[in-house]
A.B. asks: 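Structure provided below as structure tokens; questions to follow.
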2 protein chains.
Amino acid sequence: MADTIENRTYAEIQLGEAASISRTVSEQDIQLFAALTGDINPAHLDHDYAASSMFGGVIAHGMFGGAMFSTVLGTILPGPGTIYLGQTMRFTRPVKPGDRLTATVSCREKYDDKQRVIFDCVCVNQDGKAVIKGEAEVIAPSDKVCRPAATLPSVALGGVPYPVRA
Amino acid sequence: MADTIENRTYAEIQLGEAASISRTVSEQDIQLFAALTGDINPAHLDHDYAASSMFGGVIAHGMFGGAMFSTVLGTILPGPGTIYLGQTMRFTRPVKPGDRLTATVSCREKYDDKQRVIFDCVCVNQDGKAVIKGEAEVIAPSDKVCRPAATLPSVALGGVPYPVRA
């Protein structure tokens, strides 16, 4: 974890500039997402049900991968000061526990009038296959921001420590 | 919490049919979302920074409200057996701790060939103002599913019990 969080201003961001984060999805991640959102669809939690589904086992919530785009946009590119205007997502493949995901946002368009930036978004698995594709629209920050990184409370799931990412 | 989770099949879903969930957003929700996703943008966590921002205080992650659509789709309408194909979102207003959100999905279009359904999605605050608008595309289930509702592990945040929603 970095000690500080710094942004890229609208002026600094270049067309084609990209940023990524990667993580391996665990069953703990899926359970915590369900606990946070209330999305207890059995495809994510019920092993007996999921084994007989078209996916052959439990899968992660689509929006869990989608949130990785928001994390890149909010913490790296552009980072602090970004105003999130919109996000589109197409869920193209299932994500299973143990899959290694990499979410990347790439600057495709810049509009000087309101400092709007359009990012292509893709989340791929360990085989390089896209699991989510989409685009994000943000207002990029005018001013440089560099802040101490937030310290988050510890999290426990069923009494077991959960590895907080930040 | 219901004891079972049951779906609405493609055949049962009517044009105009809608379903909603409501929740009041807490600072615990925001911190847990940050811990789960790694999105530690200071707009969500850093009170000193956020007080001087255009929003005048910390705000929830946009994708937190977005996940409410996924929860309605995954647990109520259509519920189990749904294949999530895509989601669009426009973030139209900030969400602050204490805001009461209601996310609603409404069936707008049905396509018999692949049992695709398009839902209008809107998330409003306690004043009835939209904070997110968008649409979802799913494949609705063919078969009726009724399963015991999943029991989730307990969650603690900084040693304090977190009210698991499911």
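The sequence lines fix the lettering, A, B, ..., with proteins before strands; numbering per chain opens at 1. Values reported hereafter were calculated over all heavy atoms of this structure, with side chains retained and with hydrogens, waters and symmetry mates removed.
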A.B. asks: Please classify the contact of B/Leu45 with chain A as side chain, backbone, both or neither, using a heavy-atom distance under 4.5 Å.
C.D. replies: side chain
A.B. asks: Determine the option with the most heavy-atom pairs under 4.5 angstrom with chain B, choosing from A/Gln31, A/His44, A/Glu135, A/Lys133.
C.D. replies: A/Gln31
A.B. asks: For A/Arg90, which atoms come within 4.5 Å of any heavy atom of chain B: side chain, backbone, both, or neither?
C.D. replies: both
A.B. asks: Name the member of A/Val155, A/Leu85, A/Thr88, A/Ile132 that forms the most heavy-atom pairs with chain B at distances under 4.5 Å.
C.D. replies: A/Leu85
A.B. asks: Please say yes or no: joined through hydrophobic side-chain contacts below 4.5 Å, possibly via intermediate residues, are B/Tyr162 and A/Val164 part of one cluster?
C.D. replies: yes
A.B. asks: Using a 3.5 Å distance criterion without hydrogens, assess whether the side chain of A/Thr24 forms a donor-acceptor pair with backbone atoms of A/Asp99.
C.D. replies: no
A.B. asks: For the residue pair B/Leu32 and A/Leu32, establish whether any side-chain heavy-atom pair is separated by less than 4.5 Å.
C.D. replies: yes
A.B. asks: Heavy-atom cut-off 4.5 Å, strictly under: side chain, backbone, both or neither for B/Ala67 against chain A?
C.D. replies: both
A.B. asks: A/Val160 versus chain B, heavy atoms under 4.5 Å apart: side chain, backbone, both or neither?
C.D. replies: neither
A.B. asks: Is it the backbone or the side chain of B/Gln28 that comes under 4.5 Å from a heavy atom of chain A, or both, or neither?
C.D. replies: neither
A.B. asks: How many angstroms lie between CG in A/Asp29 and OG1 in B/Thr37, if you round to the nearest 0.5 Å?
C.D. replies: 10.5 Å
A.B. asks: Look at the rings of A/Phe33 and A/Phe64 and say which category their plane angle falls in: under 30° parallel, 30 to 60° tilted, over 60° perpendicular.
C.D. replies: perpendicular
A.B. asks: Closest approach of B/Lys144 and B/Thr9, non-hydrogen atoms and distance?
C.D. replies: N-CG2, 3.7 Å
A.B. asks: Does B/Ile40 offer a backbone N or O that forms a donor-acceptor pair with the side chain of B/Asp46 under 3.5 Å?
C.D. replies: no
A.B. asks: Given that the side chain runs from C-beta out, which part of A/Ile5 has a heavy atom under 4.5 Å from chain B: side chain, backbone, both or neither?
C.D. replies: side chain
A.B. asks: Using every non-hydrogen atom in the two residues, find where B/Gly62 and B/Phe91 come nearest and quote the distance to one decimal.
C.D. replies: O-CE2, 3.4 Å
A.B. asks: Are side-chain heavy atoms of B/Arg147 and A/Asp48 found at a separation under 4.5 Å?
C.D. replies: yes
A.B. asks: At under 4.5 Å between heavy atoms, what parts of residues 106-130 of chain A are in contact with chain B? List them by residue number.
C.D. replies: none
A.B. asks: Using every non-hydrogen atom in the two residues, find where A/Pro94 and A/Val131 come nearest and quote the distance to one decimal.
C.D. replies: O-CG1, 4.3 Å
A.B. asks: Do any of residues 68-84 of chain A have a heavy atom less than 4.5 Å from a heavy atom of chain B, and if so, which, in residue order?
C.D. replies: A/Ser70, A/Thr71, A/Gly74, A/Thr75, A/Gly79, A/Pro80, A/Gly81, A/Ile83, A/Tyr84
A.B. asks: Quick one: SG on A/Cys146 to CG on A/Asn7, what's the gap to the nearest 0.5 Å?
C.D. replies: 8.5 Å
A.B. asks: From A/Leu36 CG over to B/Ile30 CD1, what is the distance, rounded to the nearest 0.5 angstrom?
C.D. replies: 10.5 Å
A.B. asks: So which atom in A/Pro141 and which in A/Arg8 form the shortest heavy-atom distance, rounded to 0.1 Å?
C.D. replies: CG-O, 3.7 Å
A.B. asks: Are B/Lys96 and B/Val25 side-chain neighbours, meaning at least one heavy-atom pair lies under 4.5 Å?
C.D. replies: no
A.B. asks: Does B/Met63 belong to the same Ile/Leu/Val/Met/Phe/Trp/Tyr cluster as B/Leu101, with side-chain heavy atoms less than 4.5 Å apart forming each link?
C.D. replies: yes
A.B. asks: Which residues in residues 49-59 of chain A have a heavy atom less than 4.5 Å from any heavy atom of chain B?
C.D. replies: A/Tyr49, A/Met54, A/Phe55
A.B. asks: I'd like to know whether B/Arg23 forms a side-chain contact (heavy atoms from CB on, under 4.5 Å) with B/Ile21, so could you lay out the CA-CA distance, the side-chain angles of the two residues, the decisive distance to 0.1 Å, and finally the verdict.
C.D. replies: CA-CA 7 Å; B/Arg23 66 186 294 178; B/Ile21 57 169; 5.7 Å; no
A.B. asks: Could you tell me which residues satisfy side chain to side chain donor-acceptor pair (under 3.5 Å) with B/Ser22, sequence neighbours excluded, listed by chain and number?
C.D. replies: B/Thr102
